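Take a look at the structure below.
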Amino acid sequence: MAENSAVQPTASAQAPITDGAHYLAEALLENGLDTMFGVVGIPVTDFARVAQAKGMKYVGMRHEADAGNAAAASGFLTGKPGLFLTVSAPGFLNGLAPLLEATMNGFPCIQIGGSSSRDTVDLQEGQYEGLDQRAYAVPFTKAAYRIDNIEDIPLGIARAIRAAVSGRPGGVYVDIPDTMLGQTMDLAAAKAGLYAVKNPAPAMVPDQASVDEALDLLANAKNPWILLGKGAAYAQADDEVAEFVHKTGIPFQPMSMAKGLIPDDDPQSTASCRGLAMRTADVVLLVGARLNWMLSFGKGRHWNPDVKFIQIDIDPVEIDNSRPIECPVVGDIKSTMKLFLEGLSTRSIHASKEWTDLLAADAAKNDAKFAGKTAATTVPMDHYNALGAVKKVIDQNHDVIVVNEGANTLDDCRDIVDMYLPRHRLDCGTWGVMGVGTGYAIGAAVTTGKSVLSIHGDSAFGFDGMEVETACRFHLPITFMVLNNGGIYRGDFENLGTDGDPSPLTLDATAHYEKLIEAFGGTGYFATTPEEVERFTAEALASKKPCFINVQLSVHAGVESGHIGNLNPKPVVGPLATSEMVDLNERIVDGKLVQEPAAN
């Protein structure tokens with residue numbers, strides 16, 4: 001060999017490299033995000049396979065919205081961001097609805113969205129599934145980011161985590177262009193750049209003066225009342241909240257997803273006399289609850305006109321959102337309740353015996369009335385006795401997570417089926433969206449390993465029913481239940497026209513929904529009596545396998561939504577108020593069209 005000849009390095013001697021897909025998986029795992037729900041396709045298929053190879057649990061769903069709901073449920077239950085994966089353009093758009101819902105509900109959730117090449121998308125050259133996804137995501141999320149360079153992956157994931165869990169939690173979008181996934185960098189440099197986010201959701205201790213003012217207001221109240229929202233359940237301040245409630249003896253009302261934070265059978269619960277409590281409370285302490293549509297915005301005929309509110313919330317923007325708040329307390333719930341407990345050492349806070357006796361009498365009367373309905377053996381069943389049978393099973397199995405959606409199915413289940421442990425109930429929440437149930441059920445089962453009972457109305461189940469296949473594929477301990485009354489609200493609505501089609505509210509009252517899960521290897525049950533509902537529910541939950549119970553209700557079971565009861569809720573005035581315009585004054589009463597004379 002010549003003395004001055006250069007030795008060229010072989011391929012094997014080159015420094016190891018990594019690519020965007022591998023580095024992204026590493027960054028997520030470094031931050032404890034070890035479970036991902038999703039639907040794969042171009043350009044994220046290889047990323048999902050790489051993540052799985054590195055130890056991440058990947059749960060492949062049948063629709064992106066269901067993957068998003070599964071991730072959101074995981075975020076609510078754990079307090080760390082749930083993670084879901086979508087493909088470009090249409091798949092990304094399918095993920096936006098659950099991401100916005102997560103933001104509305106205050107659930108930490110991150111959507112990783114694969115997208116098409118930036119250069120052709122930005123010049124609108126007609127790229128395959130081309131869409132400026134980050135721009136579309138901005139109004140639907142708490143925050144939206146795009147990672148264009150492989151070396152920025154750790155930073156991008158860190159920012160997404162902090163945005164998702166800090167302050168009021170919410171949904172975050174992270175855009176991953178296909179070109180970035182294919183970028184490479186030195187492996188040693190990549191490993192050196194990895195890091196875990198430190199303290200992404202620090203405690204926010206409220207101002208002591210606001211705590212003192214709140215406690216003084218409670219001490220001077222005659223009829224104080226505590227409203228617990230799902231924010232209190234998310235905060236995992238279970239012990240502090242329960243201790244304050246029991247030390248003061250103040251009656252409390254759990255909102256739907258706060259049920260079980262204190263057991264529903266606690267004697268201080270006002271679940272059976274909520275209406276009277278709203279009309280007579282003079283000071284109300286809101287703990288992680290918002291004065292939105294579910295609480296009539298804190299005003300109107302349902303409330304004591306002189307009521308004063310104390311609101312504990314981590315987000316100062318939420319204060320005075322619909323009415324003046326007498327005493328805002330801005331801080332995280334756990335820190336705040338600790339200060340409230342300390343303040344009890346210098347104050348006497350309790351509800352008047354006159355008021356608690358009044359509430360107890362009203363609750364006893366309502367419970368007796370309700371008990372007759374839930375214990376009835378009448379068949380075909382209605383929502384009351386079918387869910388009364390479910391209640392018997394949950395009363396003996398407290399550690400079952402209940403997922404619930406529908407109209408009557410949702411409202412009646414919330415009132416009938418008691419919860420005994422925190423974070424054991426999931427439903428449509430703040431936005432009131434249907435089609436979340438099977439996604440929530442899968443997210444809860446994967447995240448906790450607990451048995452899940454997912455109760456749906458027949459209409460609500462239709463939005464996301466194919467996910468029973470996912471439950472079977474992953475052998476999840478979920479029992480699905482459909483209460484089938486053959487329609488939206490109920491199954492006896494008539495077609496008001498002459499075309500002979502089913503009415504807009506009519507579904508199939510004879511459908512055997514349980515056959516769907518049997519196609520994928522699960523166990524199906526068909527229940528026609530309360531005794532069968534109770535027996536099948538207990539058996540299915542005990543099996544810890546994918547099961548489905550189709551509960552046959554009467555087509556007359558259920559009540560119509562007040563929002564559709566009147567085709568023309570405002571009186572007709574002016575030149576249109578003539579006999580020729582009689583259709584404007586039609587009303588629907590018990591599913592039938594009734595015409596009323598027009599005003600002249």
Side-chain angles (χ1 to χ4, degrees), residues 62-63 65-66 94 97 378-387 403-413 427-428 431-439 454-469 480-520 524-529 532-533 548-569 582-596:
R62 303 304 295 263
H63 195 279
D66 302 328
N94 286 340
T378 309
V379 293
M381 291 177 283
D382 59 20
H383 295 85
Y384 292 102
N385 60 351
L387 291 166
V403 176
N404 189 208
E405 66 174 342
N408 294 278
T409 299
L410 172 70
D411 295 338
D412 295 335
C413 181
D427 62 35
C428 58
W431 229 19
V433 177
M434 296 298 104
V436 303
T438 59
S454 191
I455 306 173
H456 312 249
D458 51 333
S459 172
F461 177 73
F463 287 95
D464 54 355
M466 194 61 188
E467 297 298 348
V468 300
E469 185 274 334
F480 299 97
M481 177 181 288
V482 163
L483 303 188
N484 184 14
N485 62 349
I488 300 170
Y489 307 120
R490 62 178 186 263
D492 60 354
F493 288 93
E494 296 178 359
N495 181 336
L496 303 181
T498 59
D499 57 18
D501 288 340
S503 87
L505 296 92
T506 300
L507 300 171
D508 188 353
T510 66
H512 279 266
Y513 292 97
E514 79 280 5
K515 298 297 182 183
L516 181 61
I517 205 166
E518 293 175 0
F520 303 111
Y525 300 88
F526 181 63
T528 59
T529 68
E532 288 178 340
V533 173
F548 199 117
I549 305 171
N550 184 12
V551 179
Q552 187 66 60
L553 301 186
S554 165
V555 295
H556 306 297
V559 295
E560 186 178 349
S561 166
H563 291 289
I564 65 169
N566 187 350
L567 292 181
N568 182 47
V582 71
D583 282 355
L584 290 178
N585 289 280
E586 292 175 344
R587 290 170 55 85
I588 297 176
V589 179
D590 291 333
K592 303 181 187 302
L593 185 69
V594 176
Q595 290 186 333
E596 298 176 344

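All values derive from a computational prediction rather than experimental measurement.
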Side-chain touch [X]/[Y], heavy atoms, less than 4.5 angstrom:
X    : Y    : result
H383 : L483 : yes
F461 : V468 : yes
P380 : Q552 : no
F548 : V482 : yes
E560 : L505 : no
M466 : F520 : yes
L553 : M381 : yes

If every non-hydrogen atom of [X] is compared with every non-hydrogen atom of [Y], which pair is closest and at what distance?
X    : Y    : value
G486 : N484 : N-OD1, 2.9 Å
T438 : D464 : OG1-O, 2.8 Å
N485 : D458 : OD1-OD1, 3.2 Å
V551 : M481 : CG2-CG, 3.8 Å
S459 : I488 : OG-CG1, 3.5 Å
N404 : C413 : OD1-CB, 3.1 Å

**Polar side chain donor-acceptor pair, H556 to D492, under 3.5 angstrom** =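 Yes.
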Distance from [X] atom [atom1] to [Y] atom [atom2], nearest 0.5 Å?
X    : Y    : atom1 : atom2 : result
F463 : M434 : CZ    : CE    : 8.0 Å
I455 : D427 : CD1   : CG    : 11.0 Å
I517 : N550 : CD1   : CG    : 12.0 Å
Y513 : D508 : OH    : CG    : 6.5 Å
L507 : R490 : CG    : CZ    : 13.5 Å
T506 : F493 : OG1   : CZ    : 8.0 Å

**Asked** With sequence neighbours excluded, what pairs up with E532 under the salt bridge (Lys or Arg N to Asp or Glu O under 4.0 Å) test?
**Response**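 Not a single residue meets the salt bridge (Lys or Arg N to Asp or Glu O under 4.0 Å) criterion with E532.
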**Message:** Test of understanding: with salt bridge (Lys or Arg N to Asp or Glu O under 4.0 Å), list the residues that count as partners of D411, not counting sequence neighbours.
**Reply:**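 Partners of D411 by the salt bridge (Lys or Arg N to Asp or Glu O under 4.0 Å) criterion, ordered by chain and then number, come out as R414.
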**Message:** Tell me if a side-chain donor or acceptor on N408 pairs with a main-chain N or O of V559 at a distance below 3.5 Å.
**Reply:**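 Indeed, once roles are kept as given, a pair shorter than 3.5 Å links the two residues.
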**Message:** So does V433 get a backbone contact from the side chain of E405, meaning a donor-acceptor N/O pair under 3.5 Å?
**Reply:**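 Such a contact is absent between E405 side chain and V433 backbone.
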**Request:** With sequence neighbours left out, write down each residue that passes side-chain hydrogen bond (donor to acceptor under 3.5 Å, both in side chains) with T409, or none if nothing qualifies.
**Result:**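 Result, side-chain hydrogen bond (donor to acceptor under 3.5 Å, both in side chains) vs T409: none returned.
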**Asked** With under 30° as parallel and over 60° as perpendicular, where do the rings of H456 and F480 fit, or are they tilted in between?
**Response**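 Because their plane-to-plane angle lies in the 30° to 60° range, the rings of H456 and F480 count as tilted.
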